[in-house]
Amino acid sequence: MADLKIEVFTSPTCPHCPVAVRATKEFLQENSDIAERVKWKEMSTASAEGNRKARTYGIRSVPTIILTNRKGQKGGYVGAPTKRTYMKIITEMLD
């Protein structure tokens with residue numbers, strides 16, 4: 001099991017969602033030590049699974065990023081985070 005699970009909620013019609021997905025991929029590529037501890041998945045709200053999970057979390061806008069650590073603690077971010085913001089959020093969730 002990964003130390004941290006990241007779910008990036010997107011919509012096919014959202015112009016900002018590809019930026020959030022790209023930010024996630026780039027952050028993990030540039031931080032391989034953290035990437036080893038992380039499992040991530042894009043969750044399209046156009047899919048049944050993505051829509052169901054988005055409703056469960058109460059997500060009302062995309063992109064939204066939900067992070068869940070091993071302790072079951074959840075964190076989130078709405079929008080496409082900068083590398084610095086992503087580092088801060090992930091570091092806090094992994095502690």
Side-chain angles (χ1 to χ4, degrees):
M1 180 179 170
D3 292 332
L4 185 66
K5 180 173 79 171
I6 299 174
E7 296 168 289
V8 182
F9 287 85
T10 63
S11 169
T13 59
C14 169
H16 306 288
C17 290
V19 177
V21 170
R22 187 170 47 253
T24 303
K25 289 178 180 178
E26 287 176 0
F27 178 84
L28 294 173
Q29 287 172 349
E30 293 170 8
N31 296 279
S32 58
D33 55 326
I34 291 174
E36 294 173 358
R37 302 173 63 192
V38 172
K39 179 180 176 185
W40 85 278
K41 183 176 184 181
E42 180 178 355
M43 302 292 291
S44 173
T45 57
S47 72
E49 178 189 15
N51 187 283
R52 180 183 49 76
K53 281 197 122 179
R55 283 186 284 126
T56 299
Y57 290 139
I59 294 171
R60 299 202 181 276
S61 63
V62 290
T64 295
I65 300 169
I66 301 293
L67 302 96
T68 308
N69 67 17
R70 279 197 142 183
K71 299 174 190 173
Q73 298 167 319
K74 294 196 182 307
Y77 188 84
V78 178
T82 63
K83 290 177 186 181
R84 183 177 179 171
T85 300
Y86 231 148
M87 179 61 86
K88 182 178 186 285
I89 295 168
I90 290 175
T91 302
E92 287 174 1
M93 291 298 294
L94 285 172
D95 282 343

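- Counting heavy atoms from C-beta outward, M87 and N31 have side chains that approach closer than 4.5 Å.
- Rounded to the nearest 0.5 Å, atoms CZ (F27) and CD1 (I34) are 4.0 Å apart.
- Separating the NZ atom in K83 from the CD atom in E26 is a distance of 5.5 Å, to the nearest 0.5 Å.
- Of the listed residues (K71, R37, K39), just one forms a side chain to side chain donor-acceptor pair (under 3.5 Å) with D3, and that residue is R37.
- Here the side chain of N69 pairs no donor or acceptor atom with the backbone of L4 at under 3.5 angstrom.
- Residues T82 and T85 have side chains that bring a donor and an acceptor to within less than 3.5 angstrom of each other.
- Taking a 6.0 Å sphere around NZ of K74, one finds it holds more than 12 heavy atoms contributed by other residues, nucleotides or ligands.
- Here CG of N51 is found 6.5 Å from OG1 of T45. Values are rounded to the nearest 0.5 Å.
- Closest of all the heavy-atom pairs between A35 and L28 is CB-O, 3.4 Å.
- In this structure, the separation between CD on E92 and CD1 on I89 is 7.5 Å, given to the nearest 0.5 Å.
- Residues P63 and C14 approach most closely at CD-SG, 3.9 Å, considering heavy atoms.
- Put simply, the side chain of I90 reaches to within 4.5 Å of the side chain of I6, judged on heavy atoms.
- Residues V19 and V21 form no side-chain contact, since every pair of their non-hydrogen atoms from C-beta on lies 4.5 Å or further apart.
- Put simply, CZ on F9 and OG on S44 are 10.5 Å apart, with the number rounded to the nearest 0.5 Å.
- Here the CD-CE distance, from E49 to M43, works out to 3.5 Å after rounding to the nearest 0.5 Å.
- Inter-residue side-chain proximity for V8 and W40 is flagged as met; some heavy-atom pair is nearer than 4.5 Å.
- With a 4.5 Å cut-off on side-chain heavy atoms, I59 and I66 count as touching.
- Between S11 and V62 the shortest heavy-atom distance is CB-CG2, 3.7 Å.
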Stepwise ring-ring contact (aromatic ring centres under 6.0 Å, His included) check, Y77 with Y86 = CA-CA 9 Å; Y77 188 84; Y86 231 148; 7.7 Å; no
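- Classification of E42 and K25 as a salt-bridged pair fails, no side-chain N sitting under 4.0 Å from a carboxylate O.
- For the pair T64 (side chain) and S61 (backbone), a donor-acceptor distance under 3.5 Å is present.
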